[in-house]
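Everything numeric in this text was worked out from a predicted model, so none of it was measured. Excluded from the calculations below are hydrogen atoms, water molecules and symmetry mates; all remaining heavy atoms, backbone and side chain alike, are included. Residue numbering restarts at 1 for every chain, and letters A, B, ... go by the order of the sequence lines.
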2 protein chains.
Amino acid sequence: MANVDILPESQPILYSYWRSSCSWRVRIALNLKEIPYDIKPISLIKSGGEQHCNEYREVNPMEQVPALQIDGHTLIESVSIMYYLEETRPQRPLMPQDVLKRAKVREICEVIASGVQPLQNLIVLIHVGEEKKKEWAQHWITRGFRAIEKLLSTSAGKFCVGDEITLADCCLVPQVFNARRFHVDLRPYPIILRIDRELEGHPAFRAAHPSNQPDCPPEAAK
Amino acid sequence: MANVDILPESQPILYSYWRSSCSWRVRIALNLKEIPYDIKPISLIKSGGEQHCNEYREVNPMEQVPALQIDGHTLIESVSIMYYLEETRPQRPLMPQDVLKRAKVREICEVIASGVQPLQNLIVLIHVGEEKKKEWAQHWITRGFRAIEKLLSTSAGKFCVGDEITLADCCLVPQVFNARRFHVDLRPYPIILRIDRELEGHPAFRAAHPSNQPDCPPEAAK
């Protein structure tokens, strides 16, 4: 009998780096929706970055994390992945029903995912250079946080948009962590700080935290 | 009788700059859906950038274009605005029905909107400096286009995803224009070039082109 190659139905695989805020967004969404998944760590620093090796480039041609193998497909780009989860796994919705609130969630996600994170991620900071990188990261994070605080002043309830956790919260919490890493003064952003505090103890957020990742180096673990 | 302040039902107002690729995305989507709109030009260069003035900061706290006033609300962030149009104006859908194709559209939008455009926009190039800006812009556009060409190799039909125009095409065409502006060698990206050529004559894309905007300076108009 021929050796028939039947793949067992397997759980999703998340290509992730412990400190990547984009990987972290997806980890939170997977946890909130209680979707079991395996993590395949991709080190962004080992051997010049494992994300640039030929094998991983086949997974994600942008050569960055995250990527998610799910339902027989490989998906890239963190916000896009979260919307796929939202559309295919309706349990524990992470988007409001109301069309205006949905727009507000997307706005906050896009300010972070297009207006802040890309300008302070590792690959850009390498180009900016060691000497200037802290000031550069602070500049772009501060600019974004000023805008986000303003948006939240009309959209926030207990969380970013109203009283339910949404994709905006999945994006905000990792970005606050990055802001602290670059020693951004967060005192001018009381709403951001309040929401971040509200969520820090939430099991789905806690399990997704960099310090709780399998590839977190021992010296950085809590 | 008291002076009752009844606002007439007005058409949407798009805060736009002729050469802004993010404004351009929204102009295409509005045109494709045949939504009449007024343009309020915001010059990104006059007096240090009109987007930074107090009045406009109230419209868009990110101090950038576009912003869209529609249905009594002010929306910011170009991709988010397009999804709002898609959710509220179902005519001429710009998203596929199929959940995987939807993910592919979002991926391409996000690669451009988070992975390419933010790194080569005017405000970042000012920070990079006159001397290095061309090389910097080329570097990030090339990195993104390599990935997009790879994604398109499995998703594209006549357009970015299949044979219907989607939001991915609304993002791609303005980014190709930017690539040309920074003299990126586009020969390695035949699928991108083919789709761009396919769309350049489309009335909705042509009307949204920078050279056809009310604030296009005469020397740049076609």
Side-chain angles (χ1 to χ4, degrees), chain A residues 22 57-58 60-64 67-68 70-85 87-88 99-100 102-119 121 123-124 127-128 132 135-136 139-140 143-154, chain B residues 22 57-58 60-64 67-68 70-88 99-100 102-119 121 123-124 127-128 132 135-136 139-140 143-144 146-154:
Chain A
C22 298
R57 200 184 296 139
E58 288 300 310
N60 186 345
M62 278 296 274
E63 303 176 29
Q64 58 193 18
L68 184 69
I70 188 167
D71 302 335
H73 311 295
T74 301
L75 304 179
I76 66 167
E77 296 294 320
S78 61
V79 180
S80 177
I81 291 172
M82 293 195 293
Y83 282 114
Y84 178 85
L85 296 177
E87 291 193 344
T88 57
V99 82
L100 183 67
R102 293 168 72 83
K104 293 295 144 186
V105 170
R106 289 202 182 94
E107 265 179 11
I108 295 167
C109 289
E110 197 172 342
V111 169
I112 295 170
S114 295
V116 181
Q117 194 282 334
L119 292 161
N121 77 5
I123 197 165
V124 171
H127 272 257
V128 170
K132 290 184 187 166
E135 189 193 355
W136 172 279
H139 174 82
W140 298 110
R143 170 175 172 265
F145 273 28
R146 263 200 308 261
I148 294 165
E149 186 75 9
K150 188 84 198 296
L151 295 173
L152 293 175
S153 72
T154 57
Chain B
C22 298
R57 200 185 295 139
E58 288 300 309
N60 186 343
M62 277 298 272
E63 302 175 29
Q64 59 192 18
L68 184 69
I70 188 168
D71 302 336
H73 311 295
T74 302
L75 305 179
I76 65 167
E77 296 294 319
S78 61
V79 180
S80 176
I81 291 171
M82 294 194 293
Y83 282 115
Y84 177 86
L85 297 176
E86 183 67 5
E87 292 194 343
T88 57
V99 81
L100 183 66
R102 293 169 71 84
K104 293 295 143 186
V105 170
R106 291 203 181 93
E107 264 178 11
I108 294 166
C109 289
E110 196 172 343
V111 168
I112 295 170
S114 296
V116 181
Q117 194 282 334
L119 292 160
N121 77 6
I123 196 165
V124 171
H127 271 258
V128 170
K132 289 185 186 165
E135 188 193 356
W136 172 279
H139 175 82
W140 300 110
R143 169 174 173 266
R146 263 201 308 261
I148 294 166
E149 186 74 11
K150 187 84 197 296
L151 294 174
L152 292 175
S153 71
T154 57

B:Q64 portion near chain A, given a 4.5 angstrom heavy-atom threshold: side chain
Over all atoms of both residues, closest heavy-atom pair of B:M62 and A:A147: SD-CB, 3.4 Å
A:L100 side, atom CG; B:T88 side, atom OG1 - distance, nearest 0.5 Å: 10.5 Å
Within-4.5 Å side-chain heavy-atom neighbours: B:E58 and A:K150: yes
Heavy-atom contact with chain B under 4.5 Å, split by part of A:K132: neither
Atom group of A:T74 that falls short of 4.5 Å from chain B, counting heavy atoms: backbone
Derivation and outcome, salt bridge (charged side-chain N to carboxylate O under 4.0 Å, His left out), residues A:E87 and B:R106: CA-CA 12 Å; A:E87 291 193 344; B:R106 291 203 181 93; 2.8 Å; yes
Inter-residue atom distance B:E110.CD - A:C22.SG, 0.5 Å rounding: 8.0 Å
Proximity breakdown for A:I123 and chain B, heavy-atom pairs closer than 4.5 Å: both
A:V124, part contacting chain B, at a heavy-atom distance under 4.5 Å: both
Greatest number of heavy atom pairs closer than 4.5 Å to chain A - which of B:R57, B:Q117, B:H139: B:H139
Pick from B:G144, B:A103, B:C109 with the largest number of heavy-atom pairs that fall under 4.5 Å of chain A: B:A103
Part of A:R143 lying under 4.5 Å from any heavy atom of chain B: both
pair B:L151-A:I76: side-chain heavy atoms closer than 4.5 Å: yes
Nearest atoms (heavy-atom pairs only) where B:A113 meets A:S114: O-OG, 2.9 Å
Ring geometry between B:H127 and A:W136 (parallel below 30°, tilted from 30 to 60°, perpendicular above 60°): perpendicular
Heavy-atom pairs under 4.5 Å with chain A, option from B:L75, B:D71, B:I81, B:I148 with the top count: B:L75
